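Everything numeric here is computed off the predicted structure, so don't read it as measured data.
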Amino acid sequence: MSTPTKTPSVISAKPRIVVLLGDPSGVGPEMAVKLLARQRNLDAARVLLIADPIVLSEGERVAGVKLAPLQVDSLDELRFEDGRLSLYLRDWMEGEAPVLGESNERSGRASFEALEYATVTVRRGQADAILFAPLNKHSLRLGGLVHEDELRYMQERFAVTGFVCEFNLTGSLWTSRVTSHIPLKEVASHITVQGVGDAVKIIASALRRAGVAQPRIAVTGLNPHAGDGGSIGMEEIEIIAPAIAQLRAEGYDARGPFSPDTVFIGARRGDVDAVVSMYHDQGQIAMKLMGFEQGVTLHGGLPVPVATSASGSAFDIAGKGIAQIEGLQQAFDLCVRMASGGAPLKAPAETATA
């Protein structure tokens, strides 16, 4: 796919949000269709759905909903009507219905291609945010993804050289992490003063953009009991505590290091606005226990908000019409709030082909 000629951004009081159906073999299509059937969402933003026609049709069938979109034949002719969904179709599945409930190359390629087109709209200045229904990382890799995950793919597409990180949100509590999708045995070697500082700074910036003026951020230790004074590891003393001291000297309300097994008790109570964990499951398990169906994943460090629900592709219930969409709704609302309420978003320069 070659990137179309860059077109000027259309100034609108409403943010322009690109929506993707997610993995065709999972619950994403039915979730996205249910979301887009809510008129209040189409009234809150100018929404473009990029989809394969048969995947959209299957999503409508499972959801029991029929959308009435304004079809767009080309991104060069992209247009919006207030209160109405715009739709751009691409035949990635070649007319074959997705096989539900499993990772496979065809569905992975379709979801990967849709993600590519979404990045094109941002690079052309046509979109202010991207919302995707749940993807599946294994399917994406089968479909052609060679990066650690979709965040690192978008980082390359947008030529972002700084730190990027997944945020997870449940209600008003946010988390970021110093390391992400790497083997557990490699985590300790990736914990650095700069890494801890980057993880705090990036979530503080996002929280301010979302309306939190003075973010309060708890930082976990790496080891049980946050190292227990050095008897269970020295990372807290040698790396994490110095990083926190440096952050506080720079004006950040960073606190810790806290024991990973108790930090979320106070966080859930509202003592802080965010928790920075050292690795993926250290924060994810706690957040999902606090609100799995309402959880949101936000990709931090990109030039526009990119969000999804935290619930995953849920192959075990795909096609049953029972997937809950409140996490995806929360993700949509967050995209609207961040894309319309913060500083103007500058689209990256067009530097590559899709």
*Can you find a pair of side-chain heavy atoms, one from M278 and one from P257, that are under 4.5 Å apart?*
no
*Okay, side chain of R216, backbone of G270: is any donor-acceptor separation there less than 3.5 Å?*
yes
*Mind checking the OG-CG spacing from S309 to L169? Nearest 0.5 Å is all I need.*
12.5 Å
*State, yes or no, whether a side-chain contact exists between V304 and V306 at a heavy-atom distance under 4.5 Å.*
yes
*Does P15 reach the side chain of R337, with side-chain heavy atoms less than 4.5 Å apart?*
no
*Connected-component partners of L70 among ILVMFWY, side-chain separation under 4.5 Å*: none
*Can you check whether E113 reaches D52 side chain to side chain, under 4.5 Å on heavy atoms?*
no
*Would you say the side chain of E30 lies within less than 4.5 Å of the side chain of V33, judging by non-hydrogen atoms?*
no
*Qualifying residue, where the test is side-chain contact (heavy atoms from CB on, under 4.5 Å) with F167 and the options are T175, L298, T297*: L298
*Among all residues two or more places apart in sequence or in another chain, which pass the salt bridge (charged side-chain N to carboxylate O under 4.0 Å, His left out) test with E102?*
none
_Distance in Å, L48 CG paired with L85 CG, rounded so as to fall on 0.5 Å steps_ = 7.5 Å
*asked:* Would you compute the distance between atom OG1 of T220 and atom CD1 of I240 and round it to the nearest 0.5 angstrom?
replied: 6.0 Å
_Results of side-chain contact (heavy atoms from CB on, under 4.5 Å) for E150 - residues two or more places apart only_ = L115, F132, L135, K137, L140, M154, E166, H299
_Atom of P98, atom of E58 and distance for their closest heavy-atom approach_ = CD-CG, 4.0 Å
*Salt-bridge contact R208-D273 (side-chain N to carboxylate O under 4.0 Å)*: no
*Pairs meeting criterion salt bridge (charged side-chain N to carboxylate O under 4.0 Å, His left out) with involvement of residues 233-244, two or more places apart*: none
_Please evaluate residues T179 and I191 with respect to the criterion side-chain contact (heavy atoms from CB on, under 4.5 Å), reporting the C-alpha separation (whole Å), side-chain torsions for both, the decisive distance (0.1 Å), and the verdict._
CA-CA 8 Å; T179 67; I191 304 300; 4.0 Å; yes
*In Å and rounded to the nearest 0.5 Å, what is the CZ to CZ distance from R79 to R46?*
13.0 Å
_Counting neighbours of CD on Q39 that are heavy atoms of other residues, nucleotides or ligands and sit closer than 6.0 Å, is the number greater than 12?_
yes
*Tell me, which pairs form a ring-ring contact (aromatic ring centres under 6.0 Å, His included) where one or both residues lie in residues 251-291, sequence neighbours left out?*
H181-H280
*Pairs where residues 189-203 contributes a residue and the test side-chain hydrogen bond (donor to acceptor under 3.5 Å, both in side chains) is met, not counting sequence neighbours*: K201-E250
*Residues in salt bridge (charged side-chain N to carboxylate O under 4.0 Å, His left out) with R248, at least two apart?*
D253
*Quick one: pull up CD1 in I54 and CG in L56 and give me the separation to the nearest 0.5 Å.*
10.5 Å
*Are any non-hydrogen side-chain atoms of L328 and L131 less than 4.5 angstrom apart?*
yes
*Could you walk me through whether S176 and F163 pass the side-chain contact (heavy atoms from CB on, under 4.5 Å) check?*
CA-CA 12 Å; S176 68; F163 183 73; over 6 Å; no
*Which atom pair, heavy atoms only, marks the closest approach of P29 to P24?*
CG-CA, 4.0 Å
*May I ask you to decide if the ring planes of Y117 and Y88 are parallel, tilted or perpendicular, using 30° and 60° as cut-offs?*
tilted
_Quick one, N41 and D333 - any side-chain contact, counting heavy atoms below 4.5 Å?_
yes
*Looking at residues at least two apart in the chain, or sitting in another chain, which of them share a side-chain contact (heavy atoms from CB on, under 4.5 Å) with D316?*
A314
_Exercise: identify the closest heavy-atom pair between A133 and T308_ = C-OG1, 3.7 Å
_I need the L100 CG to D23 CG distance, nearest 0.5 Å._
10.0 Å
*Can you sort out the partners of A274 under side-chain contact (heavy atoms from CB on, under 4.5 Å), two or more places apart, ordered by chain and number?*
W174, I203, L207, I217
_Residue pair G301 / V160: nearest heavy atoms and the distance that separates them_ = O-CG1, 3.6 Å
_Could you check whether R123 pairs with E156 (Lys NZ or Arg NE/NH1/NH2 to Asp/Glu carboxylate O, under 4.0 Å)?_
no
*asked:* Can a donor-acceptor pair be found, under 3.5 Å and without considering hydrogens, that links the side chain of K66 to the backbone of E60?
replied: no
*Keeping to residues at least two apart or across chains, list the salt bridge (charged side-chain N to carboxylate O under 4.0 Å, His left out) pairs with something in residues 299-311.*
none
*Taking it one step at a time, do R152 and D149 satisfy salt bridge (charged side-chain N to carboxylate O under 4.0 Å, His left out)?*
CA-CA 6 Å; R152 274 71 190 182; D149 50 31; 3.0 Å; yes
*Heavy-atom pair of closest approach, residues F158 and L302*: CD1-CD2, 4.1 Å
*Tell me the salt bridge (charged side-chain N to carboxylate O under 4.0 Å, His left out) pairs involving residues 84-95, sequence neighbours left out?*
E81-R84, E94-R106
_Any residue meeting side-chain contact (heavy atoms from CB on, under 4.5 Å) with H138, in chain and number order, not counting sequence neighbours_ = S103, N136, L142
*Can E105 and R109 be counted as an ion pair, charged N to O under 4.0 angstrom?*
yes
_Expected output: side-chain T121 to main-chain A118 donor-acceptor under 3.5 Å_ = yes
*Do R38 and Q329 come close enough that some side-chain heavy atom pair is under 4.5 Å?*
yes
*Where is the tightest heavy-atom contact between A218 and V263, given as atom of each residue plus distance?*
CB-CG2, 3.9 Å
_Main-chain N/O of P53 paired to S57 side chain as donor or acceptor, under 3.5 Å_ = no
